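To keep things clear, I will list the structure first and then write my remarks on it.
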Amino acid sequence: MRTMVNPTEYRRELKGRILEVAMREFKTKGIRSVKMDDIAHLLSISKRTLYEIYSDKQALVLEGVRQEEEMSELHLQSFSKQLGNDSLDIVMEFYRLKLKELSIINPVFFEDLKKYRLVMEYMFERHVEHQKRAVAFFQRGVEEGYFRSDVDYDIISRIGEDAVRFVMESRMYKEYNLQHIFRNIIFLFLRGFSTEKGIKMMDRMFEEGGVE
């Protein structure tokens, strides 16, 4: 007997597959290099079906960026609530996630994102939210004895963002891969505002292989 597929369920599954394939292609080849035709072909669906779900490429990119951002945030929230995980554990988990993400991303992806106004507006909104939470997070690290209490973390956070912006605007990634750049930025900032206790704990994590 032939099993009937629920149209709503099929649509939901197809939407998920589109996002998965599209973001993989965008990240490895750059957004501009990947056409909507290419995505439809990879999924063996018609371009009409693709456009019925996503009206244009910007809508597709925005949904993909939003989904990945939310999944990353949910993971870190869940990780932070696990018994025994403190502020330094959370920083290192964030570090691992970023290295994994950067290992598969073509820097052109970030350049192409700037061409999509709605995507940039969404990323700015998320940035403002992250900025507010960052200061509270660093304060937790101070209370746990890992981060220095004589540092203005609002300034540190802003300088960190400018460092990342400089990397992209100067196209430093043409000389060094993004993972290598990110490692050095994190190393500089973390050790700079960490206490002796924090530095010792970080060194132990690296020695034990908990962090790449």
Side-chain angles (χ1 to χ4, degrees), residues 12 16 19-20 23-24 27-28 63-105 107 109-110 113 122-168 173 176-212:
R12 183 162 50 246
L19 279 181
E20 180 182 354
M23 290 303 287
R24 182 192 68 210
K27 286 182 177 181
T28 55
E63 183 68 14
V65 169
R66 179 186 287 121
Q67 183 186 75
E68 293 196 351
E69 172 73 16
E70 291 175 352
M71 288 176 64
S72 177
E73 187 167 317
L74 285 172
H75 173 79
L76 287 174
Q77 287 179 356
S78 175
F79 183 86
S80 67
K81 293 176 182 177
Q82 292 177 22
L83 188 63
N85 286 339
D86 54 30
S87 57
L88 199 54
D89 290 309
I90 299 168
V91 168
M92 291 304 180
E93 182 65 11
F94 171 77
Y95 174 82
R96 293 187 193 95
L97 288 176
K98 274 299 177 184
L99 284 185
K100 182 178 179 181
E101 176 186 350
L102 293 174
S103 69
I104 62 170
I105 292 185
F109 171 77
F110 295 113
L113 278 180
Y122 167 76
M123 292 180 70
F124 178 75
E125 291 174 4
R126 300 300 295 176
H127 159 75
V128 172
E129 294 176 17
H130 291 161
Q131 193 74 16
K132 293 177 181 178
R133 290 200 296 266
V135 176
F137 172 78
F138 284 127
Q139 183 56 44
R140 173 180 170 179
V142 170
E143 294 169 359
E144 292 172 346
Y146 294 122
F147 303 150
R148 297 172 62 98
S149 60
D150 57 348
V151 172
D152 188 324
Y153 289 100
D154 180 55
I155 293 176
I156 291 294
S157 181
R158 293 185 185 185
I159 293 175
E161 291 166 5
D162 283 340
V164 173
R165 189 177 299 113
F166 172 78
V167 167
M168 301 310 297
Y173 50 77
Y176 310 96
N177 69 55
L178 286 174
Q179 284 181 299
H180 184 64
I181 294 172
F182 182 71
R183 283 192 187 98
N184 281 273
I185 291 176
I186 289 293
F187 182 85
L188 171 65
F189 278 86
L190 269 182
R191 294 186 78 88
F193 59 69
S194 290
T195 61
E196 184 177 352
K197 173 185 175 181
I199 292 173
K200 286 181 178 179
M201 182 61 72
M202 280 188 286
D203 288 344
R204 188 179 309 149
M205 287 177 168
F206 279 99
E207 290 171 4
E208 293 174 352
V211 182
E212 297 181 9

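Everything quoted here is computed from the prediction, not taken from an experiment.
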Distance, nearest 0.5 Å, that separates [atom1] of [X] from [atom2] of [Y]:
X: I181; Y: I186; atom1: CD1; atom2: CD1; result: 13.0 Å
X: K81; Y: I90; atom1: NZ; atom2: CD1; result: 11.0 Å
X: Y153; Y: F137; atom1: OH; atom2: CZ; result: 10.5 Å
X: I185; Y: K98; atom1: CD1; atom2: NZ; result: 11.5 Å
X: S80; Y: H75; atom1: OG; atom2: NE2; result: 10.0 Å
X: L97; Y: M71; atom1: CG; atom2: CE; result: 10.5 Å

Donor-acceptor under 3.5 Å (S87 side chain, R140 main chain):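 Absent.
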
State whether the side chain of E144 and the backbone N or O of D86 hold a donor-acceptor pair below 3.5 Å, judged by distance alone. no

Walk me through it: do K200 and Y146 pass the test side-chain contact (heavy atoms from CB on, under 4.5 Å)? CA-CA 9 Å; K200 286 181 178 179; Y146 294 122; over 6 Å; no

Please find the pair of heavy atoms, one from [X] and one from [Y], that lie closest to each other, and give the distance.
X: I105; Y: E101; result: CG1-O, 3.2 Å
X: Q179; Y: S103; result: NE2-CB, 3.4 Å
X: G192; Y: R148; result: O-CD, 3.9 Å
X: M23; Y: V65; result: CE-N, 4.0 Å
X: P107; Y: L178; result: CG-CD1, 3.9 Å
X: L190; Y: F147; result: CD2-CE2, 4.4 Å

Flag the pair [X] / [Y] as yes when at least one side-chain heavy-atom distance between them is below 4.5 Å, and no otherwise.
X: N85; Y: E93; value: no
X: F182; Y: V167; value: no
X: R191; Y: D203; value: yes

Using a strict 4.0 Å threshold on nitrogen-to-oxygen distance, state whether E20 and R24 make a salt bridge. no

Plane angle bin for F138 and F193 - parallel if under 30°, tilted between 30 and 60°, otherwise perpendicular: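 It falls in the perpendicular class, over 60°.
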
Start with the C-alpha distance between D89 and M205, add both sets of side-chain angles, then the distance that settles side-chain contact (heavy atoms from CB on, under 4.5 Å), and finish with yes or no. CA-CA 9 Å; D89 290 309; M205 287 177 168; 3.1 Å; yes

[X] [atom1]: over 12 foreign heavy atoms closer than 6.0 Å:
X: F166; atom1: CZ; answer: no
X: M168; atom1: CE; answer: yes
X: E196; atom1: CD; answer: no

Excluding sequence neighbours, so at least two apart, what forms side chain to side chain contact (heavy atoms under 4.5 Å, CB included) with Q131? H127, D154, S157, R158, E161

Can E69 and R66 be said to form a salt bridge (Lys or Arg N to Asp or Glu O under 4.0 Å), step by step? CA-CA 5 Å; E69 172 73 16; R66 179 186 287 121; over 6 Å; no

Please determine which of E125, H130, K132 meets the side-chain contact (heavy atoms from CB on, under 4.5 Å) test together with V128.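 Considering E125, H130, K132, a side-chain contact (heavy atoms from CB on, under 4.5 Å) with V128 is found only for K132.
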
With side-chain contact (heavy atoms from CB on, under 4.5 Å) as the test, would you mind laying out the steps for M201 and K197 before giving the verdict? CA-CA 6 Å; M201 182 61 72; K197 173 185 175 181; 5.7 Å; no

Kindly determine whether Y95 and R183 satisfy side-chain contact (heavy atoms from CB on, under 4.5 Å), including the steps that lead there. CA-CA 8 Å; Y95 174 82; R183 283 192 187 98; 3.2 Å; yes

